[in-house]
Asker: 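Let me begin by handing over the structure; questions about it come next.
A note on names: the letters A, B, ... follow the listed sequences, proteins ahead of strands, and every chain is numbered from 1.
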Amino acid sequence: MSLLTRLAARQLLTQLRTTEWRALLLASWIAIALTTLLAVLGDRLERGLMRESASLLGADLVLSSSRPLTPERLQGLPLQGIQQTPVIQFPSMVGQGDNLMLVSVRALQAPYPLRGELVTEPAGTGIPAPGEVWVEPRVMTQLQLQPGAQLEFGYQPLTVSRELLASPDRGTGFRSFSPHILVNAADLDASGVLAPGSRANYRILFAGSSAAVRTLDQALRPTLASHERIHALQADQPLTGNALGNALSYLKLSALIALLLSALTIMLALRRFSLGQHTRSALLLNLGLRPGQLVRVYLYQLLLAWLLTASAGILTGFLLESAVYQWLAELLPQALPPAHWLRWLSGAALGLALLVLLGLPPILQLARIPVAHLLRGDAPPRDRTALLLQGASMILLAATLLAFLEAPLAALGLLAFLLLGGALFGWLAQGCLLLCARPLARHLLLGRLLLMRLRQQRQWHRLQAAVVVMLLTLLSVVWVSRTDLIEQWQAQFPSDTPNYFLINIQPWQKAELDTFFAERALDTELYPMIRGRLTQLNGNPIQPQLNAEQQDHNTLRRELNLSWRAERPAHNPLVAGDWWQPGDTDAISIEQDMARELGLELGDRLGFDIGGIAVEGVIRNIREVVWTSFQPNFYIIFNPEALQNAPSTWITSFHLPAEQRALSRDLLQQFPSLTLIDIDQVLTQLAGWLQRLGDSSALILALSLGCGLLLLGVTLLQALEQRRFESALLQTLGVSAEQARRLDLLEFLLIGLVCGGLASASAEGVLAMLHQWLLQIPPRLHGELWLLLPPLAAMVFVLIGWLIRRPLRLDQCYRLLRAG
Amino acid sequence: MSHLNREKPLIEAQDVAKSFNTQAGSVELFRNLDVRIMPGESLAIIGRSGAGKSTLLSLLAGLDTPTEGQILFDDQPLEQLDDAARADLRLQQISFIFQSFHLLPELDALDNVRLPLEIQGRKDADAQARHWLQQVGLGARLDHYPAQLSGGEQQRVAIARAFATEPKVLFADEPTGNLDDDTGQQIIEQLFDLNTNAGTTLILITHDIDLASRCQRRLHLQNGRLEEVPA
Ligand SMILES: Nc1ncnc2c1ncn2[C@@H]1O[C@H](COP(=O)(O)OP(=O)(O)O)[C@@H](O)[C@H]1O
Ligand SMILES: [Mg+2]
């Protein structure tokens, strides 16, 4: 081993005993572990569920439509050398007896899939034979099925012949997360579950040589109707609007906090470290070491530290990832593929960037220290180059972090928010501290000293308060909202809120269904539902008349559900205009948010494309719609005279008390083509996701809290000499060691209480905003926060302060004073 | 002293001035200083605290540059040397002994002495280091770390380290300042013994008159002037 590496190793070994190096190692360990966790988990989720890869699509190219795809649709397309197969996917209630669940059904024809494979238990090839059904494990458990059991599927009982462990072509959006069953398309007609006009996704999968697929893709795109989509491989893009993708970026953003805190910890630790290295560097330079060699000694030391933390970090990242994956496993539709091996190294790479970028500026400074420092104690020169270097490394670091987070704008926004919020909390905390200390100063001997201390430590107090308040706020909000929000949200609904939607009702079933409900004394109302696109405003195409944000509005990008009625729906009060009279054929009613966001007013003439037929209407009134009322709700309602001849299906919702659940079975037996959606089940599934998301971000925030505590320790360390000197001075001036200790205790207690109080207040504020705007329910106070946070924060300060600051004996005081 | 005039001086300060820019304006420590230091000579610089002794020392050793005038080392103007060349000069020809010892705490006595030799790339580093530690009477404590040695012993390690590289000049800035009188006395004895044997030029800063009187020449730095003090 060369002299330089030996020196570096020895240095590191000695430094390991110092608090700043321990903080540095812990901080980079957490940063590396967290980054590894997110990079690996994110990659697995993306590869498994979010990217349009061949094994995920089950094909090279998919044409997807909300209307049936007939063979005529493909006429004139270049299909030489192309294999194709149709798939129909739709939601349906299936079950055994009273035990029903909502699943996503895929009706298949061989060959299927064209790419990737179906993994089943028992293993085998092909697709379900007619009369058979393959179901996913979640269906097996929830319906308590055994292999060979019968599953009621409309009029057609099917035999569960295999368990489906993994499959491509799960479809997009929410349906890809529902439990799936696979049936043979031949069983579809006999079962009667899919009537004409029912909601379903119709797909044709294509596969072939890449040239043939490209030709087909190019020929297909210009012919796409508005209700059709193409999913292809070449754009390896994450699916847009994917809730899972949003959740993932949310988790990555919350990791930004931990990464920033570790970076700050490492920076302060290195600052303190390098301050202690001035004499040593000057000595080494004086003994003949060249500046370059000196830089290398310190870089080796950093690299050694990196090796240490990277191996620990990757291992921890592995353990965390396995744990989080276990959590998610029961919610995930199928097992995820392993991550690309490079992802395992991304945490270590980020750690290296952190250490080197933060370490290089102070190290280069050390190499420039004048040897005369040994005679006089000069600090290294702080000139433009030093500042430039520091600035450059900060920018590089920020760029690295942003690149890792893959959402630069959101991350920048969060960064700005954290800085602003932090500054605000810092100042607020300082104000509160002074407010509390003034009365104390009048009554306590220590009070006056405390005021002095507060003035002297004000910068550190600001930083500490900013970090602690922000972290406690975030942590409390996530912790509380994790369970509280959904419960509160659900609790606000009256007990007779509908808990079932019934869709795909054919016009000719309406009378029969009314009788069914009347016999059972269920109060329901059926609404017709017609799909159409909004295309015109006042006689001209609507798009050019809108601004960019409006053009991208949800109601313009897809087909709307339209309805017609003679009377105003009881649950939709009018906010403008009046309801129409018979004969006002072209009057329409619009939902208020849509009207406001698109800038539509009473009297505007809107044109719709309903299955190729143009229909016009004049806005007669504006309705308020509470979408969460679980009543059938529509953006646009027409006068019956305008639309009642258009092809429609009907929809209704109703409340079924728990003891009447059996009724749903009767309903489906009598009307197998209806789709019954159990809102409770859907909400439970959603709540499960939100809870896991909350748990995951709480885990990340807990790690951030760890970083925050380290940072707190390091900031207390920065002022340690000053504190020690002051304490020594006080003791020689006749203050007892006990009193000096109490002064520290008082300071920590006070700042802790202030931080805890501020955190409670700001957490209440954020929660109140969430209640008010997200859930639209009145906010409530969280007394437990006010009781818990202040003592918790005070304890944290006292504990860390106690760990870092050991009391000073009198003889040590003299020595300190003489040296100072 | 006539023979000295025949030889060339090892270090020569010509009309040197030094001032600092502080917040309160420019402060001049001294000006028009001239010093000639002959090879093998021992020289004491005395003066009260704050007189500028350490500053003068750092000028003579090429650690700092004068505001005016120039310093010649072996006839070579130091200002003409770049940083690397000056570092090389220090490595090969100059050693220091400091008031606060400045040993590396994580290296034992032997490694502390061996360090500059290894930096020089000398093959006999180990033997040399052992030899010099023997010379200062610490042959039995090679594997002791600085924290396990008394102040006097630490300073002796520093002396061994200074002589081990066989420098032409040895600068000592108040080497006994942190030691009690008796120990200081012993250290001084050792320093002068080794110096005589090795024929090193010794430049010593002290405010101890006894100590100064053991040097061949004494210069008193006072009010920015340097005056020769007769024996
Ligand atoms: N880099 C500097 N900048 C400003 N003042 C300095 C600097 N170095 C030394 N001084 C001042 O020069 C004076 C002499 O310092 P020094 O040479 O250390 O004195 P001595 O060693 O004789 O006690 C002191 O007042 C000191 O404050
Ligand atoms: Mg001095």
Asker: Tell me, side chain or backbone of B:Ser100 under 4.5 Å from chain A's heavy atoms, or both, or neither?
Answerer: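 Neither the backbone nor the side chain of B:Ser100 comes within 4.5 Å of chain A.
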
Asker: For residues 281-292 of chain A, run the donor-acceptor check on the side chains, cut-off 3.5 Å, and write out each pair with its distance to 0.1 Å, sequence neighbours left out.
Answerer:
unit_1	atom_1	unit_2	atom_2	d
A:Ser281	OG	A:Gln277	O	2.8
A:Ser281	OG	A:Tyr298	OH	3.3
A:Arg290	NH2	B:Asp88	OD1	3.1

Asker: What orientation do B:Trp132 and B:Phe163 show, parallel under 30°, tilted 30 to 60°, or perpendicular over 60°?
Answerer: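 Taking B:Phe163 first and then B:Trp132, their aromatic rings lie parallel (interplane angle under 30°).
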
Asker: Closer than 3.5 angstrom, by distance alone: can the side chain of B:Gln154 be matched with the main-chain N or O of B:Leu103 as a donor-acceptor pair?
Answerer: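 Side chain of B:Gln154 to backbone of B:Leu103, a donor-acceptor pair under 3.5 Å: no, none is there.
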
Asker: Look at A:Asp744 together with A:Arg741 and state whether they make a salt bridge at an N to O cut-off of under 4.0 Å.
Answerer: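 Here A:Asp744 does not pair with A:Arg741 in a salt bridge, since their nearest N and O are not under 4.0 Å apart.
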
Asker: Would you mind telling me which of B:Leu91, B:Thr165, B:Ile119 has the largest number of heavy-atom pairs within less than 4.5 Å of chain A?
Answerer: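 Of B:Leu91, B:Thr165, B:Ile119, B:Ile119 has the most heavy-atom pairs under 4.5 Å with chain A.
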
Asker: Could you tell me which of B:Arg161, B:Gln120, B:Gln99 has the largest number of non-hydrogen atom pairs under 4.5 Å with chain A?
Answerer: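 Going by pairs under 4.5 Å, I would pick B:Arg161.
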
Asker: So which of B:Glu118, B:His102, B:Arg90, B:Arg114 has the largest heavy-atom pair count under 4.5 angstrom toward chain A?
Answerer: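 That would be B:His102.
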
Asker: More than 12 non-hydrogen atoms from neighbouring residues, nucleotides or ligands closer than 6.0 Å to CG on B:Asp82, yes or no?
Answerer: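 Yes, the 6.0 Å shell around CG holds more than 12 heavy atoms from other groups.
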
Asker: Contact part of B:Leu107 toward chain A, heavy-atom cut-off under 4.5 Å: side chain, backbone, both or neither?
Answerer: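 Its backbone and side chain both get close to chain A.
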
